[in-house]
Amino acid sequence: MTTHLLKGRVSMFLSIIRSSLVVLLGFALINPVGEEIKSTRASQHATVQVAPQTTIAHEDSQLAAAQDELKTVAAQVEPQTAAPLFSFSVMSDVHIISTDSASQLLLRQALADHHELRPDSKLLVLNGDLTNGSESDYRSLLALLSRQPHAPVQATMGNHDYYGVWRKPDGTMDYTKMNSSWSSANAVALFDRMMGYDKPYHELVVEGYRFLFLSGEAYRDVDASINEDAYLSPTQLSWLSERLTAASSADAGKPVFVFLHQPLPSTLDGTDLELGVVQHKELRALLDAHPNVILFSGHTHWNVETTSQVKQLKFLAASSASIREVWSAKNEPETRSLSQSLIVDVYPDRVAILRREHTEKRWIEPSIAKGYDVK
């Protein structure tokens, strides 16, 4: 390759960098075709990685040297100490039960860890399975939250938040017989009342970015075929379509953060074991039409360190594992106590998803960065 041609390619890459298409600071990149670019350690944020282009993959050593030079220039273009616009936390499956001290201890540890890492976080999302469906469980959760510093809370419903239907009059659980005095409508009303909502799905705008919170609206007492899946009513799906369309019109290029406890089937590892969402085809079609969406889920409890829990589809899907109990790829609890969740840093041109293990207070590496062409 001639020196002139090499310089031309270097100039081309510098133009790409200065156009802010993809510049990463110590994160892994999920690019539009779903390939993952390896990163440096999330705790160091030391080395800039630039996503390789397909046409460059088989070039000679001279071009490789040019790419090394580009990395150095990229580090000068964007300081490695750049702070995010804002951060938020995503936890799921906290499973607070009023009589279960272990669940409460694990949540306290996670809250303290998040607050230490991001004391100025704008939001704490509790993405379903907050409780085991009783008012006393919700009161224990709210009391715990009142005693520790944390960002403002937003929540969704999970399948366990409907479990009042399995509670006997004496307060014990019988998963073979439904309680005829409890219903899905009671569960939704309890969630709304305790968490301060008028319905189990809603929108929030934080620092100009849209957050859409979805919840299953019915359980097995309404239709036995629902199982543990999320039932999304036509009204909720229509609302979601309207909000996504509004986001595309008003916030072109910005990511839209969507939360639902159950994941879509056959997306992340472990999601092929159950349907997940009754109306999964309708939901998938809506999200596919909006590639700036990041869909956060929980439910499976699968370990974010040892299984694939972030995937680029037409949108980006990510799981936050579980606070109460992490499961392995064998679909059973890990042999050691783990507690995992996410911290999300929002930058002008990208979103970084940092994964955290709370019992050992360590980062799970690599972290994931998704770039956006924000207008």
- Item | Neighbour count >12 (heavy atoms, 6.0 Å) for atom NZ, K330 |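 Incorrect, the count does not exceed 12.
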- Message: Any non-hydrogen side-chain atom of V258 less than 4.5 Å from a side-chain atom of L214?
- Response: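 A side-chain contact exists here, since the closest heavy-atom pair is under 4.5 Å.
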N/O donor-acceptor pair under 3.5 Å between [X] side chain and [Y] backbone:
| X | Y | value |
| --- | --- | --- |
| D161 | D129 | yes |
| N127 | F296 | yes |
| D229 | G276 | yes |

Assess, by modelled atom type and distance only, whether the side chains of [X] and [Y] contain a donor and an acceptor separated by less than 3.5 Å.
| X | Y | answer |
| --- | --- | --- |
| E334 | N303 | yes |
| S341 | H114 | yes |
| S266 | D272 | no |
| Y197 | Q154 | yes |

Salt-bridge test for [X] and [Y]: reply yes if a basic N is under 4.0 Å from a carboxylate O, no otherwise.
| X | Y | value |
| --- | --- | --- |
| R355 | E305 | no |
| D113 | R356 | yes |
| E135 | R193 | yes |
| D100 | R324 | yes |

- Quick one: do F315 and L264 satisfy side chain to side chain contact (heavy atoms under 4.5 Å, CB included)? Show the steps, please. CA-CA 12 Å; F315 54 93; L264 283 164; 3.8 Å; yes
